[in-house]
Amino acid sequence: MRAGFFRSRDEFEAVRDGSYRILPFRFMRWGGGRVFVSNDVGEWTFLPDVDFASFAEGRLDRSSAAYGTLKGKHFLTDSSSTLPIQLLATKYRTKHGFLDGFTSLHMFVVTLRCDHSCPYCQVSRVTEDRDRFDMSAETAERGVEWVFQSPSPLLKVEFQGGESLLHFDRIRHIVDLVEERNAIEQRDVEFVIATNLSNVSDDVLDYCQKHEVLLSTSLDGPEALHNQNRPRPGNDSYARVVANLARSREALGHDRIGALMTTTERSLAMPEEVVDEYVRQQFTSIFVRPISPYGFAVRTKQAYKYQTDTFVNFYQRALSRVIDWNRKGVPLVETYAQLLLRKLLTPFPTGYVDLQSPAGMGISALVYNYDGDVYASDEGRMLAEMGDFSFRLGNLHKDGHGDVMGGSYLRGLIGQTVTATTPQCSECAFAPFCGSDPVYNWATQGDVVGHRPTSGFCRKHMALFRHLIGLLESDDRFTRDLLVSWATGDNA
Amino acid sequence: MIPLVVRGTPLGIEKPIIAKVIRDAEKDRQWPSRVFVGPVPSNTVDVPSFSALISEEPLDGFRDGQLKAPLVHSVPTAHLNQGDVVRIDPDGVVRTLYRRGSPHNTLFATERCNSFCVMCSQPPRDVNDQWRVDEMLRTVELIDVEAHEIGISGGEPTLLDDGLLSVIRAAKDRLPNTALHILSNGRLFRYSARAEEIAAIQHQDLMFGIPVYSDLDSEHDHVVQARGAFEDTLLGLQNLGRCGVPVEIRVVIHKFTYSRLPAVAEFIYRNLTFASHVALMGLEATGFAKGNMEALWIDPADYRNELEEATLFLSARGMNVSVYNHQLCTVAPAVWPYCRKSISDWKNEYHPVCEGCSVRSECGGLFMFNLRSRISRSLRPISEPAEAASTLSVAPSPTTSP
C-alpha cells in the first residue's frame, strides 16, 4: 500500500447496517427535554429525549454525537468483540474495590460515660459508675484479636464513647496492643479518637503526638447553637472545644484534628452561620450531617420533627455558602458532597462505609462495645441502647470471629443490602452512586430492605444527587471546577 | 539537524562493526570494541587496539592491509563525539546508534509492523531483520552506564519475540541506572503470557509507550489501518496493567483524531486509570504522514480548545499528562505547563519568526520535517514577558520523556 491510499473509515465499522446491541443501563427522566443515563460502573451522560428514544429503539444514527458518547462509555456495542464487556468488568471491579480488603474500620467503645447530655445523643451516660460502662482490659484484648483477624491491609482503629477520653487508659492500652501486634503484621494502621474535647490533658496530647493519633471532635455551629445542642455543667461546651482545639492543633499539627457537625431543629434556620463557624475555626472541611433517627434521638422525637425536605434545603444553603467561601479564596470542602462527587466523577471506590452496596456492616466496619458485644455498625449499637439488638452480631467473650463473620446471620443481613436487588433501587439511575442503610430502614420502617417511596434516606439522596449533578451541568465554571477538585483531589 | 548516517570510502571492512567512538585514545579504554576517529595514521594511536578507524581526510594512498585495522575515510566526522556508538558497514556507511549525553537515544528494533498507521513516521517493511536483535545487544554493551534513558522503537518491537526479551534483560543487567522506554502498539500483549514474560524480567525502570487514538474501535482501527487493533491494544494494556508493567498512553493528534480528544481523555481516565503517563502529541510530517498530509493536517490553532480541555481534564484528575511536539504559541496558555521539549535534538529546529520570541528557550520548537511542510498559522514570537511568566509555572514532569 502506498501512502495516500489508505482504506476509509467505513471499512473499519464492524457492521454495515448500523445495528447495535444495548448494554445494561439505567435512566431517569430529568425534565427539560433530557434523560439522565447511567450504568453500573458509574458512567453517566445526558441525552435529549429524542436521542434517548432512538437509542432505546435501536435506531440511533451511527454518525450522531450521542452514538459516539454512548459507545465510548459502554452503553452500546456494535461489534462481536468482548472488549466492552471486559472493560466494564474491570471498571466494575475497580468501583467495588472497597470489598477487597474486608473489614478496615474497627470502632472501640471504651466507655459510655460522658460529661455532656446532648438530647440527640444515642449512646451516653452521665454517671460515675466506671465498672458498669467502661470497657475492661480483657474485652479490649479480645477486640484487638478481632482487628487482626481481618485481612485488610488498612486498619482504622477508632475510639468512641460516651466521651472516650474519660477512659484514656483503655485507649492507650489498645493502641499499645495494636502497635505491638503490628510490629509483626505490618499493616497500615491509623488511630482516631472521637472526643468532645471538653477535657484533654497535656499527657493525652503528648501520647497522641508520639503515636500519631488523630482527633475527631464535634462542633455544631456558633457558640449559642453549639451550647444549646450540647449541654454540659457550666454550659461551656463551645468555649472548651475552641480552647482545646487550639491546644490540640499546637501539639499535634493543624490538620490532625477534624470536626463533625450534627444538624438539629435549631440549626435549620442558620446554615450560613454554621458554615461560617467552621471557617472561623480554620477548618478546611465541614461534614453537613442530619441527626440520625436512632437511640435517644428517636425517644425524644427529635429526628422526626423536621422533614427530609427541610434538611435538604438546609444542606443546599450550607453547600452554597461553602462554595461562596471558596469563591472568596477560602478553601473549604463539604465532605458529603465530596463523597457523592467522588462516586459520580471518578472510577474509584470511596472508603466511606455508610453509603455502599452491599452495606458496610461487618464487612467494612465492626463496633466493639464496652461490654464486649459486637455490632455491625455504630447505628446498630445505638439501637441496642434502646433495647433492639437486631444488629448485634455476637460477643467477644462468647463467639469466634469466623463464626460471626462467616455466619448465616451476617450473610443474611448483607444479602438484603445489595441495591441491584432491592426494590426501586434496582431500577434507579442513581443506584451506582448510592448505597443502602439497613439500620435506618429497620429503625424507621421496621424492615431491613425498606420501602423507598416513604424513605427519608432515599428522598434525601435523590435530592442531593440531582442538586450536585445540576451544579456539574451548570454554566458556573468556578463551581464545576471546584466540585471536580473535591472529587479528584488528594484529600478525596 | 544532526546527521546520524554518513557515508565514506571503506577499506577492509568485511562485516558490520559496532564500536565506541574514541577521539582521545587515553580515555574510555575499558570498552570491548572501539573505533578511532581522527587523523590517521597518528603516532599517538595504538592502531591494533581499535576495531576500526574513521578519518575525515581522504587517505587514498592506503590499501587493504596496509593498516592493521579496517578503515573508512573521506567521511564527515564532526558529529561523532567521544563515547558515541556507531555501526560501520562494509559499504562505508557510518551510522550513529548512540550519542553520549543525548536524552534522545533510541535502539531501532525492527522495520516490521503488524499495523499500518496512516501517519507512521517510520513506514514498515516486511523484511527479515532479526539480525537487529544482535545489533541492539552489542549496542547495549557499549552504552554508558550513566545513560539516563534509552528508547526502543521500530516497527513493532514485540514482533522480535524472545529477541526483545533478551534486549530488556541485557539492559537490566548492563544498565542498572537507565530507564527503558519502548514504543509498541501493544497488540501482542493481548496474549497475557507475553505481558507476564515482560513483567517477569523485573526491569527496574521500564515503560511501554502505547498509542490509543480514539475511544471508538472503528476510529482507532482506521488510524492504524488494521481491523481489530483497538481490541488487541486495549486488552494488551489491561494485561500489562494487571502485571504491573508501567504504560504510557500516546495520542497523536491529526484530522482523524482531534475532535474526540476530550472523549479520549475521559476514556483513558475511566478505563486506563493505571496509566503512568499520557502524551498528547502533534503530528510529525514524515513517513506516511508526509504523503497523507492533505488528509491529515489540521492546524493546532483549530484544535486548541479540544487540546486544552483534554489536557486539563486529565490533569485535574491527577493523571500525569504531557503535550508533545507543540510550539507554545500554538496552544492555550493554560496548556503551557504541560508542554515538553519532546522533539529529538537531531531533528529539532525553529522557524525564523521564533527569533524574537521571549519564551523560545522554554519551547520545544518544530520538527525539521514540519518546517518544510506545514506550520501553524498561529506561529508567532511571544513578546509579552508577563504572558509568559504567568503561565510557565512548572507542572509535574513525566517520569520519562520520549
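Labels below follow one simple rule: chain letters A, B, ... track the order of the sequence lines, proteins then strands, and each chain is numbered from 1. All values below come from the heavy atoms of this structure, side chains included, with hydrogens, waters and symmetry mates left out.
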Chemist: For the residue pair Tyr213(B) and Arg250(B), establish whether any side-chain heavy-atom pair is separated by less than 4.5 Å.
Modeler: no
Chemist: What part of Glu294(B) gets closer than 4.5 Å to chain A, counting heavy atoms only: side chain, backbone, both or neither?
Modeler: neither
Chemist: Considering only heavy atoms, which portion of Gln238(B) lies under 4.5 Å from any heavy atom of chain A: side chain, backbone, both, or neither?
Modeler: side chain
Chemist: At a 4.5 Å cut-off on heavy atoms, which part of Phe256(B) comes close to chain A: side chain, backbone, both, or neither?
Modeler: side chain
Chemist: Ignoring hydrogens, what is the shortest heavy-atom contact between Arg480(A) and Leu472(A)? Give both atom names and the distance.
Modeler: CD-O, 2.9 Å
Chemist: Report the residue from Phe430(A), Phe52(A), Phe75(A) that forms a ring-ring contact (aromatic ring centres under 6.0 Å, His included) with Phe27(A).
Modeler: Phe52(A)
Chemist: Just checking, any donor-acceptor pair under 3.5 angstrom between side chains of Glu284(B) and Thr286(B)?
Modeler: no
Chemist: Is Thr94(A) in contact with chain B via its backbone, its side chain, both, or neither, using a 4.5 Å heavy-atom distance?
Modeler: neither
Chemist: Among Leu272(B), Asp221(B), Leu312(B), Val264(B), who wins on heavy-atom pairs under 4.5 Å with chain A?
Modeler: Asp221(B)
Chemist: Side chain, backbone, both or neither: which part of Glu11(A) has an atom under 4.5 Å from a heavy atom of chain B?
Modeler: backbone
Chemist: Who wins among Ala295(B), Ala226(B), Gly318(B), Gly241(B) for the most heavy-atom pairs under 4.5 Å with chain A?
Modeler: Ala226(B)
Chemist: Does the ring center of Tyr67(A) lie less than 6.0 Å from the ring center of Tyr20(A)?
Modeler: yes
Chemist: Looking at Pro84(A), Ala14(A), Gly72(A), which has the largest count of heavy-atom pairs under 4.5 Å with chain B?
Modeler: Gly72(A)
Chemist: Check for me whether the distance between the ring centres of Phe12(A) and Phe6(A) falls short of 6.0 Å.
Modeler: no
